Visitor: 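Questions regarding the structure given below will be posed in turn.
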Amino acid sequence: MFSSLAVLSLPGRVTARTAAAVLVSAASVAGLVAGAGPATAQDTARGQGGATATMGGLKTHGTAVIHGEGGDQEVPAGLFEMSVEGGGMLQTYCVDIQNPTQKDAKYYETPWSGTSLGTNRDAGRIRWILDNSYPQVNDLAALAKKAGVPGGLTEEDAAAGTQVAIWRYSDHTDVEATDPQAERLADYLEKSARGLAEPAASLTLDPTAVSGRPGERIGPVTVRTNAGGATVTPPVDATAAGVRIVDKKGEPVTEVTDGAQIFFDVPEDAEAGTSALTVQASTTVPVGRAFASESRSQTQILAGSSESTVAATATATWAGQGPIPALSAEKNCAEGGLDVTAANTGDEPFTFSLAADEYTIAPGETRTVTVPLPEDRPYDFTVRGPAGFEQRFTGVLDCRTQGAAAAGDTAQTLGEPAPATVVTPTRNPNLAETGSSGATPLIGGAAIGLVVIGGAVLVFLRRKSEQ
């Protein structure tokens with residue numbers, strides 16, 4: 001048997017709700033023990049795939065007034081721009097009015113379920129506003145006529161009015177545009193909005209972690225993308241070990257399209273290990289996709305995209321015998337935590353304990369455990385297994401706007417109630433002319449322990465079986 005330790009570090013503020021919900025001392029850890037597993041360390045890529053971008057700042061904007069119990073606050077309101085890693089530009093609106101935006105913060109394309117939009121019944125109305133206003137509708141004369149705005153709209157009016165309408169649904173706050181033209185547009189958009197479904201991701205891989213035995217094709221991993229084609233890149237270590245990336249017929253593959261299934265072809269004599277592949281494409285990111293940071297910079301929603309680089313990563317773990325687990329994780333704002341999914345493709349049960357509970361995953365079974373996390377607190381935990389296996393998860397759970405904070409929580413004190421970065425209004429015409437896109441490794445014998453900084457906390461676990 002192999003024993004290993006994973007430490008979850010949660011520095012920063014603990015809300016009153018969290019403090020009442022967790023009960024593990026700052027120095028305590030919970031062990032988790034299991035059998036044989038993979039051999040090579042491998043970190044998990046952050047996010048579920050798609051575009052990664054850096055915040056540039058607020059580019060086209062007007063102003064708005066937030067009416068609150070403490071009085072009125074004037075804030076900038078409008079379009080942000082972000083530069084995409086690998087090439088491309090994005091335009092976004094804020095869906096988190098009470099948090100500041102950090103210039104140069106890194107953002108990741110994120111499912112609604114990993115943001116405040118996942119628990120917002122009006123998220124679909126926000127997408128409607130994006131599809132039916134600026135910059136997707138860049139004929140401002142036509143937009144003004146449809147909205148009943150006399151005298152027309154400037155780009156600043158259109159951006160401010162659209163942002164105000166979005167805030168009314170994203171934050172459910174009392175806010176109005178200071179310019180009358182922008183306010184008329186905001187009222188029209190708010191009253192006209194209808195619920196639409198969440199757009200599909202620009203690029204994802206499903207699942208993001210697979211496992212199996214040497215001598216067989218491990219997978220499949222299904223590619224989901226709105227791009228016309230994508231490139232598959234195996235890591236150097238996989239090539240050196242003789243691992244190939246192949247299609248379902250066993251033929252080597254370097255190019256894929258939406259719906260393609262790919263596999264890790266592992267040599268029969270390969271020692272236990274783990275590796276990863278990356279799929280990359282160039283496409284426009286679908287309007288309405290959420291973008292979240294890991295530094296508590298305010299959450300954004302996509303309003304326009306140039307041709308941009310998108311990428312996703314999947315890992316494979318293999319061993320000759322015993323339990324062969326695969327590990328993945330995803331933020332779950334509905335449950336206020338991180339869904340950690342363990343699958344066992346081995347020939348022996350995989351047993352692990354977490355806090356006071358023990359779980360056994362039978363051969364062929366997949367199970368998800370939800371680890372509750374404090375709001376707005378960074379987490380960082382690593383799961384280690386035999387022969388150097390290692391998997392790390394880092395991030396920040398950012399599931400609520402301040403206006404949606406649970407009763408009894410201590411509100412975060414902010415220097416500004418809205419975007420902190422305001423720059424001279426400029427505009428990239430190519431983005432405004434972009435049309436709306438219609439397309440849209442746990443444990444290889446491991447233990448999770450939670451170290452909570454700043455006081456005592458109570459850990460609740462939820463588990464569910466997946467097909």
Side-chain angles (χ1 to χ4, degrees), residues 51 53-64 74-84 88-97 99-105 107 109 117 126-140 143-144 147 149 152-171 175-179 181-183 185-186 188-190 193 199 284-293 297-306 308 416 418-437:
T54 300
M55 173 59 69
L58 193 60
K59 298 297 184 181
T60 307
H61 67 92
T63 58
E74 185 173 283
V75 296
L79 273 172
F80 293 84
E81 287 188 6
M82 295 195 284
S83 57
V84 180
M89 294 292 294
L90 306 177
Q91 284 182 315
T92 62
Y93 287 106
C94 160
V95 288
D96 193 5
I97 192 173
N99 284 310
T101 300
Q102 301 170 15
K103 185 171 172 58
D104 297 327
Y107 280 79
E109 186 178 342
L117 297 171
I126 297 172
R127 184 186 173 189
W128 186 95
I129 292 170
L130 294 166
D131 284 346
N132 291 274
S133 190
Y134 180 77
Q136 289 302 303
V137 178
N138 58 12
D139 185 339
L140 297 184
L143 180 60
V149 179
L153 291 164
T154 65
E155 291 178 350
E156 290 74 21
D157 291 338
T162 305
Q163 176 67 91
V164 166
I166 288 172
W167 276 335
R168 291 173 182 173
Y169 284 123
S170 66
D171 293 73
V175 58
E176 62 179 338
T178 55
D179 185 276
Q181 310 294 82
E183 176 63 12
L185 175 61
Y188 160 75
L189 293 172
E190 179 187 11
T284 56
V285 183
V287 169
R289 291 297 290 170
F291 279 79
S293 77
S297 185
Q298 63 184 195
T299 304
Q300 305 283 311
I301 192 165
L302 188 70
S305 168
S306 70
S308 298
E416 286 190 355
T421 302
V422 181
V423 298
T424 302
T426 59
R427 178 171 169 269
N428 184 337
N430 294 328
L431 289 174
E433 296 170 2
T434 299
S436 175
S437 172

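Model, not experiment: these values are computed from the prediction.
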Visitor: State, without any angle test, whether T63 and T178 hold a side-chain donor-acceptor pair at a distance under 3.5 Å.
Guide: yes
Visitor: Can you check whether I301 reaches F291 side chain to side chain, under 4.5 Å on heavy atoms?
Guide: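 A side-chain contact under 4.5 Å is absent here.
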Visitor: Atom OG1 of T162 and atom CD1 of I126: how far apart are they, to the nearest 0.5 Å?
Guide: 12.5 Å
Visitor: In Å and rounded to the nearest 0.5 Å, what is the CH2 to CD distance from W128 to E190?
Guide: 11.5 Å
Visitor: Decide, yes or no, whether a salt bridge links K103 with E81 under the criterion of side-chain N to carboxylate O below 4.0 Å.
Guide: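 Salt bridge flag = no for E81 with K103.
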Visitor: Under the side-chain contact (heavy atoms from CB on, under 4.5 Å) test, which residues partner A290, sequence neighbours left out?
Guide: W112, T115, L117
Visitor: Side chains of T92 and Q300: is there a donor and an acceptor less than 3.5 Å apart?
Guide: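 There is such a pair between these side chains.
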Visitor: From Y134 OH over to L189 CG, what is the distance, rounded to the nearest 0.5 angstrom?
Guide: 14.0 Å
Visitor: To the nearest 0.5 Å, tell me how far D179 CG sits from Q181 CD.
Guide: 6.0 Å
Visitor: What's the spacing between L302 CG and Y93 OH if we round to 0.5 Å?
Guide: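 It comes to 11.0 Å.
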Visitor: Going by heavy atoms in the side chains, are D157 and L185 under 4.5 Å from each other?
Guide: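 No - every pair of side-chain heavy atoms lies 4.5 Å or more apart.
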Visitor: Okay, side chain of Q163, backbone of C94: is any donor-acceptor separation there less than 3.5 Å?
Guide: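 At least one qualifying donor-acceptor pair exists.
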Visitor: List the steps, then state whether side chain to side chain contact (heavy atoms under 4.5 Å, CB included) holds for V285 with L90.
Guide: CA-CA 8 Å; V285 183; L90 306 177; 4.2 Å; yes
Visitor: So do D96 and S170 actually touch side chain to side chain, heavy atoms under 4.5 Å?
Guide: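 Not in contact.
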Visitor: Go through the structure and list residues passing salt bridge (charged side-chain N to carboxylate O under 4.0 Å, His left out) with E176, not counting sequence neighbours.
Guide: none
Visitor: For A64, enumerate each residue passing the side-chain contact (heavy atoms from CB on, under 4.5 Å) test, keeping only those at least two apart in sequence or located in another chain.
Guide: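 Per chain and number, A64 pairs via side-chain contact (heavy atoms from CB on, under 4.5 Å) with V75, A77, V164, W167, V175.
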Visitor: Heavy atoms, side chains only, cut-off 4.5 Å: are D104 and M55 in contact?
Guide: no
Visitor: Between G152 and A144, which heavy-atom pair has the shortest distance, and what is it?
Guide: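 Smallest heavy-atom distance, with atoms named: CA-CB, 3.8 Å.
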Visitor: Atom CE of M89 and atom OG of S308: how far apart are they, to the nearest 0.5 Å?
Guide: 9.0 Å
Visitor: Would you say that L58 contacts T101 through its side chain, given a criterion of any heavy-atom pair below 4.5 Å between the two side chains?
Guide: no
Visitor: Is there a side-chain contact between I129 and Y169 in this structure, where contact means two heavy atoms from C-beta onward sitting under 4.5 Å apart?
Guide: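 Result yes, sub-4.5 Å side-chain heavy-atom pair found.
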Visitor: Walk me through it: do R127 and V287 pass the test side chain to side chain contact (heavy atoms under 4.5 Å, CB included)?
Guide: CA-CA 8 Å; R127 184 186 173 189; V287 169; 5.6 Å; no
Visitor: Hey, mind stepping through L79 and K59 against side chain to side chain contact (heavy atoms under 4.5 Å, CB included) and telling me if it holds?
Guide: CA-CA 6 Å; L79 273 172; K59 298 297 184 181; 5.7 Å; no
Visitor: With a 3.5 Å cut-off and no angle check, do the side chains of T284 and S305 form a donor-acceptor pair?
Guide: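 No - no donor-acceptor pair under 3.5 Å links their side chains.
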Visitor: Between A165 and A186, what is the shortest heavy-atom contact and its length?
Guide: CB-O, 3.7 Å
Visitor: Compute whether any side-chain donor of one residue and acceptor of the other, for Y107 and T54, lie under 3.5 angstrom apart.
Guide: no
